[in-house]
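Shown next, in structure tokens, is the structure this report addresses.
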Amino acid sequence: MNTPKRYLITAALPYANGLKHIGHLAGAYLPADIYVRYLKAQKRDVVFVCGSDEHGTAIPIQATKEGTTAQAIIDKYHPIIEQNFKDLGIAFDIYHRTSDPLHHETASDFFKNLEAKGDLETKTTEQYFDEAANTFLADRYIKGTCPSCGHNEAYGDQCEKCGKTLSPEELINPVSTLSGKAPIKKETTHWYLPLNRHEEFLRDWILKDHAHDWRAAVVGQCKSWIEGGLQPRAVTRDLDWGIKVPVKGGEGKVLYVWFDAPIGYISATKQWALNNNKDWAPYWNDKETKLVHFIGKDNIVFHCIIFPVMLKLNGHILPENVPANEFMNLEGDKMSTSKGWSIEMDDYINKWIKKENGGPALADSLRFYLTAIAPESKDSEFTWKGFQESVNGELVSIFANFVNRTWVLMHKLCNSKVPKIHTEFLDSEDLALAQSVKDTTDKVTALLEQYKFREAQFEVINLARIGNQYMQKKEPWILAKNIDTDPTAQAKIDNCMHGCLQLCANLAILVNPFLPFTAQKMCHLMKVVDRMLDWENAGKFDLLKVGYTLRAPELLFRKIEDEEIEAELAQLQANLKAKKITMENTIPTEAANTETTGTLKPEIVFDDFGKIDLRVGTIVEAKKVEKADKLLELLVDLGFEQRTILSGIAMHFKPEDIVGKQVTIVANLAPRKMRGIESKGMILMAEDAAGKLYFVSPSEAIAAGSSIA
RNA sequence: GGCGAGGUAGCUCAGUUGGUUAGAGCACAGGAUUCAUAACCCUGAGGUCCCGGGUUCAAAUCCCGGUCUCGCUACCA
């Protein structure tokens, strides 16, 4: 394998609508950072880019929720996220943002070029239009009842209650948030990226060329998409938050966020080039550049299918690999900021790193554990107990302890200087130690090149373990007792300590990509400059000069105490509760806000209400609809007749549990076919803040068919 | 429901193209030691390789069926 001329490494752009948690860190940023630090130690030409993704519909939505502007949201989160990464040692060469004019220009040009070359298609479809406001309604300007959970304030692109991705057409009773009127359907034109034209290319490139050097999950998912038949994908939206469509007919439209966001990697590179007086172009256009995207598994399709097509069309290079990680769970459950079940990077930094007994060592402690349990091949799980055991048992006891005992002994037995080697006393143990260092270097290098960070880190720790074993066999402290009687004792001590010290120097080099703060501290202890950490020095056994005085021992890490772990676990439960209460409290708040935000449904007169025929019905039969996860087929007794009604509640109720229930039915709703079954009516449901559904039932059992007014 | 990836020791994970007795670290137990952050070192115990079939002289590995977890996707009036 020949060495690429240069590298361009990207980590998924964090969406700037909130804080990011340690799952994100473990998924993309930390492995990317390790890889980049390794490449830089190899003195490769490498640029590590990232930045905030600041467009898309969720950000204006967030703004509405917080009673502020989209700009204010991104201006709030961008710097926090950027600083969080710094505090955790994620060393981007540039942390850019997609709201930057340079990015607008880059994305705009990208689109124009594709459009001019005929690589895009336009399609005219019917979209919701607000006649009163005389404008097309972007997804976020349409509210209605979520078809998934029944939440009545769902937006046209997503229901915030259940998180379901929606399209406006799916909303029940859609209403414009601008005028409060029901929107009409009107034709609008949008640009599409015809992925179907590139099926052959993708098939060859992924399924042939990269079938074996990409991770199984990545190839598998791409295969699933390609074999499923690729469809043209809309690249524009009727929205005002984002990058204006820069061609004729694009008025009032912006680039769809998925189209603009990955181009952010390119704009970030451009900005970096400007800052450093470099040329950005070779990093994206020269075949000798190796491009690697670090992402989480939810992002595979964009980085392996869609963006590569865009890159190819625009004349850029393609990623050499996309080492997507699986997800990291937390104490038995999925991580979720909105549910309060997560550890935000910001939280960890404030609670551990910025404490008196914290410091950057605690950033490395977290990095160590996250890498030790990195979800490289399957979902993994963060537990505080695991964090404690991993840090105390391996990082402190094996690695840091070896460095510490080496330092203490060297000061006690070698006059605080690097002792000289007495070749006449060198034995097979000494030679084996030097060989282990070389072997480990080779292993770690190979593993890093294969993106196997977990295993690579393990090998580094293992080298410290070898150091402990070596010292145990040599027992310099025993030799020291006999120093008066054994004339060879000091020479043997010198040899042992010399070996241990050279091993420490190597450990600093090898551990540097994983634990950069620790490597720095080791350099400080050794009184050497950063250049010693160059990868080419790994495996050498003459890094510390004989006679050189080293600094007094200092602990590299502290142990994690039981009480700290208990406090974190308690905090986690408290967060969960607090979040629930917040969510419950937001219901009246949201209701109160509806008037000011214009989202209240239009006023109706009594006659309108009278049009709805509400009845009490009794569920007499219930069964799951085949091939549908959410649908239940219900037979409801209305007294005068029994009819079939479909309801999307299968995730919430078991069929056998709801037979006999009295429920409220919209009896005169137009019939609708779903999954081949006709539904005649609709069951009314109430929903609490946690998303749990409740039947709306009369307080006491009454005759089926009774009307409601 | 479709597709993809997983299910191996209490925990976190390895197990190349099928090939002796399925491995490592942590945790645990016993021993040894004291330079070191009660750290290190040595030894040990631990597994129905998710379940059920099949192919084979031989299956954790290949094939079929089932089941659980996660992701993408469909379904929601």
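Protein chains get the first letters and strands the later ones, always in sequence-line order, with residue 1 at the start of each.
A 3.5 Å limit on both hydrogen-bonding distances identifies no Watson-Crick or G-U partner for B:C76. Nucleotide B:U21 has no partner under the Watson-Crick or G-U criteria, as no pair reaches both atom distances under 3.5 Å. Base pairing of B:C62 is made with B:G54, judged by Watson-Crick or G-U wobble geometry with both donor-acceptor distances under 3.5 Å. Across all strands shown, the partner of B:C41 is B:G31, judged by Watson-Crick or G-U wobble contacts whose two distances both fall under 3.5 Å. Pair assignment for B:G46 gives none, since no Watson-Crick or G-U wobble pairing has each distance under 3.5 Å.
Between the side chains of A:Asp213 and A:His210, at least one donor-acceptor pair of N or O atoms lies under 3.5 Å. With 3.5 Å as the limit, one finds a donor-acceptor pair spanning the side chains of A:Asn325 and A:Arg215. For the residue pair A:Asn506/A:Gln502, the side-chain donor-acceptor check at 3.5 Å is not satisfied. No side-chain donor-acceptor contact under 3.5 Å links A:Arg465 and A:Asn468.
Residue A:Phe402 is out of contact with every strand shown, counting any heavy-atom pair closer than 4.0 Å. Residue-level contact check: A:Arg454 touches the backbone only, with heavy atoms under 4.0 Å from sugar-phosphate atoms and none from bases. Using a 4.0 Å heavy-atom criterion, one finds that A:Lys412 contacts the sugar-phosphate atoms exclusively. Within the 4.0 angstrom heavy-atom criterion, no nucleotide atom of any strand lies near A:Thr383. Across all strands shown, A:Lys385 has no heavy atoms under 4.0 Å from either base or sugar-phosphate atoms. Contacts of A:Ser377 with the nucleic acid, taken as non-hydrogen atoms under 4.0 Å apart, involve only primed sugar atoms and P, OP1 or OP2. Across all strands, A:Ala400 comes closer than 4.0 Å to base atoms (heavy-atom distances).
In this structure B:G46 sits in the syn conformation; its chi angle is within 90° of 0.
Taking atom CD of A:Glu459 as the reference point, atom C1' of B:U12 lies 16 Å away to the nearest angstrom.
Here B:G71 is the nucleotide among B:G71, B:C35, B:U12 with the atom lying nearest to any side-chain atom of A:Lys297. Checking B:C35, B:C3, B:C13 against the side-chain heavy atoms of A:Leu409 singles out B:C35 as nearest. Comparing B:A5, B:U12, B:U8 by their nearest atom to the side chain of A:Lys378 picks out B:U8. Comparing B:C13, B:A77, B:U37 against the side chain of A:Leu555 picks out B:U37 as the nearest. With B:A27, B:G71, B:U37 as the candidates, the nucleotide lying closest to the side chain of A:Asn404 is B:U37.
Within the 4.5 Å cutoff, the side chain of A:Val403 has heavy atoms near those of the A:Trp407 side chain.
Residues A:Ala374 and A:Glu394 both approach RNA chain B. Their nearest nucleotides, taken by heavy-atom distance, put A:Ala374 toward the 5′ side. The 5' end of RNA chain B is approached more closely, in terms of each residue's nearest nucleotide, by A:Ile373 than by the other of A:Ile373 and A:Thr406.
When the side-chain nitrogen and oxygen atoms of A:Gln221 are compared with OP1 and OP2 of B:C3, none of them lie within a distance under 4.0 Å.
When the C1' atom is used for both B:C28 and B:G66, the distance is 36 Å, rounded to whole Å.
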